[in-house]
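Have a look at the structure below, then the notes.
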Amino acid sequence: MATQPFDQRDGFIWYDGELVEWSEVKLHVLSPALHYASAVFEGERVYGGSIFKLNEHTKRLFHSADRLDMEIPYSVEDVDRACEETIAANNIVDGYVRPIAWRGAEMMCVSAEGTSIHLAIATWEWPSYFDPAQRLKGIRLNISRWRRPDPASSPCDTKAAGLYVSCTLSKQEAVRAGYADSLVFDYRGQVAEATGANIFLIRDGVIHTPTPDCFLDGITRRTVIDLARARGYEVVERAIMPDELDDFTECFLTGTAVEVTPVSEIGPHRYTPGEITENLMDDYSAAVQPKGSATVAAE
């Protein structure tokens with residue numbers, strides 16, 4: 001990824017209803033979003049000038065906002081159009097889109113009830129999340145000491161900013177130790193996800209993935225499950241325990257940023273990217289292309 005600081009870039013950000021020069025977009029230091037994580041966001045990919053599953057992402061943004069008792073002052077259709085307007089204004093053909101909604105600074109308190117709700121949409125060019133050469137042979141994960149929380153303690157079915165604190169800590173520790181990412185267990189000690197991606201494990205031709213009952217059921221996750229079943233693969237959603245990790249032969253991650261990325265190592269456990277993983281990488285690459293530019297595999 002480019003190393004240019006995100007607050008020093010050129011272009012436009014859609015901010016509360018209009019395109020604003022990138023450098024002119026400001027957030028006050030006393031915004032509750034900064035102090036109390038009163039914000040929800042989305043992550044979307046642009047392929048060939050088209051945002052993959054844009055409407056599905058926008059609807060999830062509204063769901064996340066509703067769960068945090070925030071009413072976005074635009075319609076789903078308004079936000080879809082704004083995302084498309086933003087990528088066009090920035091001439092993004094292949095990139096990333098980040099819509100974010102947050103509470104305004106009319107008051108500073110934990111609830112900040114009655115504050116205005118703001119919405120911004122930024123976009124930028126985005127290459128492969130992991131090093132391409134490393135990605136093809138499988139990335140290495142450590143096992144995080146942090147865990148995904150009990151769903152009774154957080155709105156785990158949302159992309160709420162506060163839920164990513166443990167993800168940041170896990171990712172930083174993994175990178176410092178020489179790994180690409182980290183596998184996170186949940187509050188019960190079951191396999192959950194990576195820091196920003198869902199996980200799949202393969203044994204005897206069957207694909208296994210944790211039930212998303214305390215972490216996000218990713219849009220890419222659901223897409224890949226559909227692609228796998230279209231190929232005739234059996235996909236089992238269930239609780240997966242850490243002591244099973246040695247029983248699998250293949251492993252991969254899914255997410256808007258990581259797409260479908262093979263895993264070669266999780267701590268002491270080793271995997272070899274194989275036919276199923278490669279097929280789903282190909283199928284997903286075909287599926288994300290705008291209609292007319294490629295034939296979707298596994299139809």
Side-chain angles (χ1 to χ4, degrees), residues 1-2 11-14 40-65 72 74-101 119-130 132 135 157-159 193-200 209 212 215-231 235 252-262 277-299:
M1 293 179 60
F12 300 92
I13 291 176
W14 192 94
V40 296
F41 66 95
E42 273 299 317
E44 305 161 4
R45 284 291 283 265
V46 184
Y47 297 95
S50 179
I51 303 172
F52 184 62
K53 296 200 169 181
L54 169 59
N55 187 251
E56 197 168 335
H57 279 283
T58 302
K59 287 179 178 177
R60 189 172 66 183
L61 178 71
F62 277 73
H63 169 75
S64 297
I72 295 175
Y74 303 97
S75 69
V76 169
E77 292 73 23
D78 289 337
V79 176
D80 279 352
R81 284 193 297 270
C83 288
E84 292 170 341
E85 182 181 357
T86 305
I87 65 168
N90 289 282
N91 298 312
I92 300 297
V93 177
D94 294 290
Y96 193 79
V97 183
R98 170 54 56 89
I100 182 167
L119 179 68
I121 302 165
T123 184
W124 55 90
E125 293 182 355
W126 185 286
S128 178
Y129 190 63
F130 298 110
R135 182 174 179 263
D157 60 340
T158 71
K159 286 186 73 69
E193 59 178 351
T195 61
N198 294 120
I199 189 167
F200 291 78
T209 188
F215 56 89
L216 196 67
D217 180 8
I219 291 171
T220 307
R221 176 186 184 274
R222 295 197 298 267
T223 300
V224 170
I225 287 175
D226 289 343
L227 290 170
R229 288 174 173 159
R231 271 194 176 266
V235 180
F252 61 87
L253 303 180
T254 64
T256 294
V258 305
E259 300 171 306
V260 179
T261 293
T277 300
E278 292 175 7
N279 284 340
L280 293 175
M281 290 174 70
D282 291 343
D283 290 352
Y284 186 76
S285 293
V288 300
Q289 298 303 315
K291 290 183 179 179
S293 63
T295 301
V296 176
E299 290 185 342

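Treat the numbers as computed from the prediction; the structure is a model and nothing was measured.
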With rounding to the nearest 0.5 Å, note down the distance linking [atom1] in [X] to [atom2] in [Y].
X	Y	atom1	atom2	value
I219	E56	CD1	CD	4.5 Å
F215	I199	CZ	CD1	9.5 Å
T58	D80	OG1	CG	4.0 Å
S64	I100	OG	CD1	11.5 Å
F52	T223	CZ	OG1	4.5 Å
L119	Y74	CG	OH	6.5 Å

Side chains of [X] and [Y]: closer than 4.5 Å at any heavy-atom pair?
X	Y	value
V288	R45	no
I92	E125	yes
L61	V40	yes
N198	V224	no
Y284	T254	no
M281	P262	yes
P212	E193	no

### Query
Short question: side chain of T220, backbone of T256 - any donor-acceptor pair under 3.5 Å?
yes
**OP:** State whether the side chain of N90 and the backbone N or O of T123 hold a donor-acceptor pair below 3.5 Å, judged by distance alone.
**Re:** no
Which of D226, L216, T209 passes side chain to side chain contact (heavy atoms under 4.5 Å, CB included) with R221? It is T209
Residues at least two apart in sequence or cross-chain that pass ring pair (Phe, Tyr, Trp, His ring centres under 6.0 Å) with F41, listed by chain then number, are Y164
Check residues 81-88 and write down every donor-acceptor pair under 3.5 Å in which the side-chain atom is one partner and the other belongs to a residue at least two apart or another chain.
from, atom 1, to, atom 2, distance (Å)
R81, NH2, D78, OD1, 2.6
T86, OG1, A82, O, 2.7

Tell me whether the rings of W126 and Y96 are parallel (<30°), tilted (30 to 60°) or perpendicular (>60°). parallel
Crowded around K59 NZ? As in, over 12 foreign heavy atoms under 6.0 Å? no
Which of K159, R98, R60 passes side chain to side chain donor-acceptor pair (under 3.5 Å) with E42? It is R60
Worksheet entry | side chain to side chain contact (heavy atoms under 4.5 Å, CB included) evaluation trace for V46 with D94 | CA-CA 5 Å; V46 184; D94 294 290; 5.9 Å; no
